[in-house]
Engineer: 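There's a structure below that I have some questions on.
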Protein chains: 2
Amino acid sequence: MSSSKLLKGSLATIVLRLLEEQEKMYGYEITQKVKQLTEGEFKITEGALYPTLHKLEAEGYLTTETQLVDGRVRKYYSLTKEGNAEAKAKVSELEEFLANLQKVLNPKLGLG
Amino acid sequence: MSSSKLLKGSLATIVLRLLEEQEKMYGYEITQKVKQLTEGEFKITEGALYPTLHKLEAEGYLTTETQLVDGRVRKYYSLTKEGNAEAKAKVSELEEFLANLQKVLNPKLGLG
DNA sequence: CAAGTATACATAATTTTCTTATGTATAAGA
DNA sequence: TCTTATACATAAGAAAATTATGTATACTTG
C-alpha cells in the first residue's frame with residue numbers, strides 16, 4: 001500500500017474480502033482491482049501482497065490453482081471453508097476497529 | 001493498541017488529534033482518554049505511546065512541560081505551530097485513507 | 001527489431017511500528 | 001503490607017510493511 005504508510009495490518013482483510021466477492025483471483029488481479037476500486041489511491045506492492053497470500057494459504061484460508069494463460073503463469077486463489085469464516089471475522093473486526101477510530105477522531109460526536 | 005494489531009500507523013495521528021481538542025495532555029492521560037472514548041476497546045500500551053510522543057517532540061510537533069502533581073511527575077505535551085498543521089494534515093490523510101478502505105470493503109457501493 | 005511497458009510470479013534486506021517485558025517511583029486502598 | 005493505580009521510560013522481539021532485486025513472457029512503439 002504505497003499511497004502512504006497507513007494501515008498496516010489490513011491487507012489480509014482486504015484480500016479475504018475481495019475473495020468473498022469474487023470466487024477466484026490471482027495476485028496481479030488483486031493489485032489491479034484495489035487500484036480500480038480506490039481510483040488509483042491504493043497501490044498494493046508485490047512485496048506485501050505475495051507474502052500475505054502465502055501466509056493465508058499456509059494458514060489454510062486459501063487454496064491455489066495454477067493456470068497458464070497466454071504463455072504466462074497465473075496462480076488463482078480462492079477461499080476455503082475456513083477462509084470464508086475468517087473473511088467474515090476479519091471484516092467485522094476491522095469495521096469495529098474503524099468505528100472506534102472514528103470515536104477517537106471525532107470525540108465531540110462520541111462523548112463530551 | 002492492544003485491541004488488535006490493526007491499523008499500525010494511526011497512533012501518532014490519534015495523539016495529534018487529541019491535542020487539537022485539548023491544549024495539554026500527559027501520556028497517561030492520553031491512554032485513559034482513548035480508553036474512555038472507545039469504551040475500553042482501545043488500550044494504548046506505554047511501549048507504543050512514549051516512543052511516539054518522543055518522536056513527535058523530536059520532529060518539532062510537540063513541546064513539553066513537566067509538572068509535579070501529588071508527588072508524581074507529569075509530562076504535559078502540547079502542539080507547536082507545526083504540530084497544529086501536522087495534526088490537520090495527518091487527520092485528513094487518515095480520513096481519506098478510511099474512505100478508500102470503505103470502497104474496497106464495500107465494492108458494491110463504490111463500483112459494480 | 002530493439003526498447004520499454006505491462007503482465008505475473010517471487011524473495012531478501014531494511015524500516016516502521018507495534019507488543020511484551022522490564023524497570024523506577026509515588027500514592028491510595030484493602 | 002500488599003495490590004492497584006498513577007506516571008514515566010527503555011529494550012527485546014515480532015509483525016507487516018517498503019524498497020530493491022530477480023526471473024520470465026507478451027505487447028506496443030518507434
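Letters A, B, ... are given to chains in the order of the sequence lines, protein chains preceding strands, and every chain is numbered from 1.
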Engineer: Could you state the atom-to-atom distance from CD1 of A/Ile44 to C1' of D/dT19 in whole Å?
Structural biologist: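 The answer, rounded to whole Å, is 16 Å.
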Engineer: Residues from residues 52-61 of chain A sitting under 4.0 Å of DNA chain D, heavy atoms only?
Structural biologist: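 When residues 52-61 of chain A is checked for heavy atoms under 4.0 Å from DNA chain D, the hits, listed by number, are A/Thr52, A/Lys55.
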Engineer: Which part of the nucleic acid, if any, lies within reach of A/Gly47 when heavy atoms closer than 4.0 Å are counted: base, sugar-phosphate only, or nothing?
Structural biologist: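 Answer is base: heavy atoms of A/Gly47 come under 4.0 Å of a base.
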Engineer: Can you sort out the partners of B/Glu82 under salt bridge (charged side-chain N to carboxylate O under 4.0 Å, His left out), two or more places apart, ordered by chain and number?
Structural biologist: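 Result, salt bridge (charged side-chain N to carboxylate O under 4.0 Å, His left out) vs B/Glu82: none returned.
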Engineer: Without placing hydrogens or testing angles, list every side-chain donor-acceptor pair under 3.5 Å for residues 19-26 of chain B, not counting sequence neighbours.
Structural biologist:
from    : atom 1 : to      : atom 2 : distance (Å)
B/Glu20 : OE1    : B/Arg17 : NH1    : 3.1
B/Glu21 : OE2    : B/Arg17 : NH1    : 3.2
B/Glu21 : OE2    : B/Arg17 : NH2    : 3.1
B/Gln22 : NE2    : B/Glu29 : OE2    : 2.9
B/Lys24 : NZ     : B/Glu65 : OE1    : 2.5
B/Tyr26 : OH     : B/Arg74 : NE     : 3.4
B/Tyr26 : OH     : B/Arg74 : NH2    : 3.3

Engineer: Are the side chain of A/Thr80 and the backbone N or O of A/Gly83 linked by a donor-acceptor pair below 3.5 Å?
Structural biologist: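 Between the backbone of A/Gly83 and the side chain of A/Thr80 there is a qualifying donor-acceptor contact (under 3.5 Å).
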Engineer: Does a nitrogen or oxygen in the side chain of B/Lys75 sit under 4.0 Å from OP1 or OP2 of D/dA9?
Structural biologist: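 Checking D/dA9 against B/Lys75, a side-chain N or O does come within under 4.0 Å of OP1 or OP2.
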Engineer: On DNA chain C, check which nucleotide each of B/Glu46 and B/Leu49 is closest to and give me the residue with the more 5' one.
Structural biologist: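 First, find each residue's nearest nucleotide; the 5'-ward one identifies B/Leu49.
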Engineer: Measuring from atom CG of B/Leu62 to atom OH of B/Tyr77, what distance do you get when rounded to the nearest 0.5 angstrom?
Structural biologist: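 Answer rounded to 0.5 Å: 7.5 Å.
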Engineer: Minimum heavy-atom separation for B/Lys103 and A/Thr38, please, with both atom names.
Structural biologist: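 Of all heavy-atom pairs spanning B/Lys103 and A/Thr38, the closest is CD-CA, 4.4 Å.
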Engineer: Tell me which residues in residues 64-74 of chain B put a heavy atom below 4.0 Å from DNA chain C, sorted by number, or none.
Structural biologist: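 B/Asp70, B/Gly71, B/Arg72, in order of number.
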Engineer: Closer to the 5' end of DNA chain D via nearest nucleotide, is it A/Ala12 or B/Glu29?
Structural biologist: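 Closer to the 5' end of DNA chain D: B/Glu29.
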Engineer: Within less than 4.0 Å of OP1 or OP2 of D/dC8, is there a side-chain N or O belonging to B/Tyr50?
Structural biologist: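 The answer is yes; a side-chain N or O of B/Tyr50 sits under 4.0 Å from OP1 or OP2.
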Engineer: Between atom CD in A/Gln32 and atom C1' in C/dA6, what is the gap in whole Å?
Structural biologist: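 Going from A/Gln32 (CD) to C/dA6 (C1'), I get 9 Å.
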Engineer: Could you go step by step and tell me if A/Leu53 and A/Ile30 meet the side-chain contact (heavy atoms from CB on, under 4.5 Å) rule?
Structural biologist: CA-CA 11 Å; A/Leu53 288 170; A/Ile30 292 174; 4.2 Å; yes
Engineer: Hey, what do you get for OG1 (B/Thr63) to CG (B/Leu79), rounding to the nearest 0.5 Å?
Structural biologist: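 Spacing of OG1 (B/Thr63) from CG (B/Leu79) equals 8.0 Å.
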Engineer: Looking at D/dA7, I'd like to know if its phosphate oxygens (OP1 or OP2) sit under 4.0 Å from a side-chain N or O belonging to B/Tyr26.
Structural biologist: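 The answer is yes; a side-chain N or O of B/Tyr26 sits under 4.0 Å from OP1 or OP2.
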Engineer: Considering residues at least two apart in sequence or located in another chain, which fulfil the side chain to side chain donor-acceptor pair (under 3.5 Å) criterion with A/Thr64?
Structural biologist: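 Side chain to side chain donor-acceptor pair (under 3.5 Å) list for A/Thr64, sorted by chain: A/Glu57.
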Engineer: In whole Å, what is the span from the CD1 atom of A/Ile30 to the C1' atom of C/dA10?
Structural biologist: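 My rounded result for the distance is 15 Å.
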Engineer: Picking from C/dC18, D/dA9, C/dT20, which would you name as closest to the side chain of B/Leu11?
Structural biologist: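 Selected nucleotide: C/dC18.
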Engineer: Taking only residues two or more places apart in sequence or in another chain, which ones pass side chain to side chain donor-acceptor pair (under 3.5 Å) with B/Lys88?
Structural biologist: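 With sequence neighbours excluded, B/Lys88 shows a side chain to side chain donor-acceptor pair (under 3.5 Å) to B/Asn84, given in chain and number order.
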